[in-house]
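By convention in this document, chain letters (A, B, ...) are assigned in the order of the sequence lines, proteins followed by strands, and residues within each chain are numbered from 1. Just so it is clear, the values below take in all heavy atoms, side chains as well, and ignore hydrogens, waters and symmetry mates. Source: prediction; values computed, not measured.
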Amino acid sequence: MEKLNYEKPIISKITAGVPNKFGLSTKQRIIAEIDSIPVAKLADEFGSPLFVFSEKTIRETYNKAKQTFETHYPKVQFAWSYKTNYLDAICSIFHDEGSWAEVVSVFEFEKALSLGVKGSNILYNGPEKSEENLKLAINHNACIHIDHFDELYLLIKITQEMNKKARVAIRVNLDAGIYPMWDRFGFNYENGEAWSAINRIMLADNLELIGLHTHIGTYIMSALGYGIAATKFSSLMVGIHRKFNLWLKYIDLGGGFASKNTLKGAYMPGSETCPTFDDYAKAISNAIITSEIPHENLPILFLETGRALIDDAGYLITSVLANKRSTTGRRTIVIDAGVNLLFTSFWYNLGVFPSREISDLMEDTTIYGPLCMNIDVIRDAINFPQVKTGDRLVIERVGAYNVTQWMQFITYRPNVVLIDLEGKAHIIKKKESLETLRVNEFNPKR
Amino acid sequence: MQILEEIKISDNGFVFNALTGESFSLNPIGLEIIKMIAANSDFDEIRKTILDKYDVDDLSFEKDFYEFSTMLKHYQLTQQNNPLNFV
């Protein structure tokens, strides 16, 4: 006699409460394949855990953002935020689509150059630029975004010594109604510091002021904030023109657009609350177009969008190591990917999904990583079906920041794979080994 | 292991604890097993019944049964030893 399918015995407590107040589906979503490649096949071939990026999603998201902004504003240029994801293969896709490079360190600057980005198409941000770094940027004609007066005066000194011109913008911090206000970077708008910096730059023979830059924060849920920033920049541009008869070439509103990930403590899922590219584009373009800037002098709008362009294209495939019960009877599972690989798990309630149809019986579950550390919690509480050791799970929307902020801890960092437009998977970063980790280690002889 | 007398188990997997007012739900195999426990079957009998009927190996079932019975105990559906009765 053929045996029946087995499912582990489960008893769950029924708790009274308001069921599903948002009317969202309670049916467990399955991610069985990524760009038509079965998750199990990817894990079998490249190991687990495994980061997987979809070239198709990257290009589609980029083009959607670009088209949306270009519908609202005539001159838009994206600059790929290297710190969000600086794997060569990922950066190359953005450059292929026409993105400039936005870098915040000499490492990123050199990486952009090595990928064939012209120096003049690099926006050099950040508070950390040494004399040597600035010389590199000047020699490559990069757009240097000055962060503070010390950097401004250093640039004046260097350009005099080199007898070369530097193309500069200033980073401005301003009150855009976003809390907390990011005032640690750049010159303040409201107290006149930015205006003072502009005046000093205009007096310097070797500095060419070409733009204004701001970055009002990260994961900004209000498109209005960008509108306020654009309004303030427009009036600053008009002020510069009145005093110096100069129309700046660009305004750079930085990044910070939210992705569809859900922030910890958020009431609603991010996919429901995240503004669309259209919302951001409308707020920004309305502010610039309705300002006093004549149409023929409208600045190029630079956007350093990172998270919103790459988060959706990244997945992490992971495997179940163990099922456990806590002392309170709560179900916990241990997976083979920890917080050292998923820096964003500290901010987000990341979406974790099975890769095959399993039991419909859901239970409140805590998902732990494999690190021998108490902080290694991927999800505090998630309604999750029963899974077995070895089952593959997929964590979605992990494309931003994880493969730059990940930490080599206890284990080797895993393979990273890109699925190209033809549906072929390529390793774009190889799993670490003892040799690669030891390459820069030295053990003095005793 | 014995299920408390006050525990009522319906044929569709609904469990009610008349002592505490709490209610629980069981999946079909959970229902089958709890009924066998209530009928005083021991582990060996339960294991044989399940292994004969379902596509599962011995060790996997033992692991699952252990977890299931731990949860029955945790939810106080089984008779607990009287902690004061230690003499």
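Proximity to chain A is limited to the side chain of Phe14(B), based on heavy atoms less than 4.5 angstrom apart. For Lys73(B), no part sits under 4.5 Å from any heavy atom of chain A, backbone or side chain. Contacts between Leu26(B) and chain A at a heavy-atom distance below 4.5 Å involve backbone atoms as well as side-chain atoms. For chain A, no part of Leu31(B) is nearby; none of its heavy atoms comes within less than 4.5 Å. Contacts between Thr327(A) and chain B at a heavy-atom distance below 4.5 Å involve the backbone alone (N, CA, C, O).
With sequence neighbours excluded, the residues forming a side-chain contact (heavy atoms from CB on, under 4.5 Å) with Ile427(A) are Phe46(A), Asn415(A), Val417(A), Lys430(A), listed by chain and number. Residues forming a ring-ring contact (aromatic ring centres under 6.0 Å, His included) with Phe346(A) (at least two apart in sequence, or on another chain): Phe343(A). Looking at residues two or more places apart in sequence or on another chain, you find a ring-ring contact (aromatic ring centres under 6.0 Å, His included) between Tyr75(B) and Phe24(B).
Per-residue heavy-atom pair counts under 4.5 Å with chain A were compared for Gly30(B), Ser25(B), Gly13(B), and the maximum is reached by Ser25(B). Most heavy-atom pairs under 4.5 Å with chain B, from the set Asn5(A), Thr328(A), Ile11(A), Thr389(A): that is Ile11(A).
Side chains of Asp336(A) and Ser48(A): a donor-acceptor N/O pair is present below 3.5 angstrom, by distance only. Thr57(A) and Asp312(A) share no side-chain donor-acceptor pair at under 3.5 Å.
In summary, Asp52(B) and Lys48(B) engage in a salt bridge, as defined by a charged side-chain N under 4.0 Å from a carboxylate O. Ion pair Asp311(A)/Lys260(A) not flagged as a salt bridge, since none of the NZ, NE, NH1 or NH2 atoms sits closer than 4.0 Å to an Asp/Glu carboxylate oxygen.
Here CD of Glu32(B) is found 3.5 Å from NZ of Lys53(B). Values are rounded to the nearest 0.5 Å. The distance from atom CD1 of Ile34(A) to atom NZ of Lys41(A), rounded to the nearest 0.5 Å, is 12.5 Å.
Contacts from residues 316-323 of chain A to chain B, taken as heavy-atom pairs separated by less than 4.5 Å, involve no residues at all.
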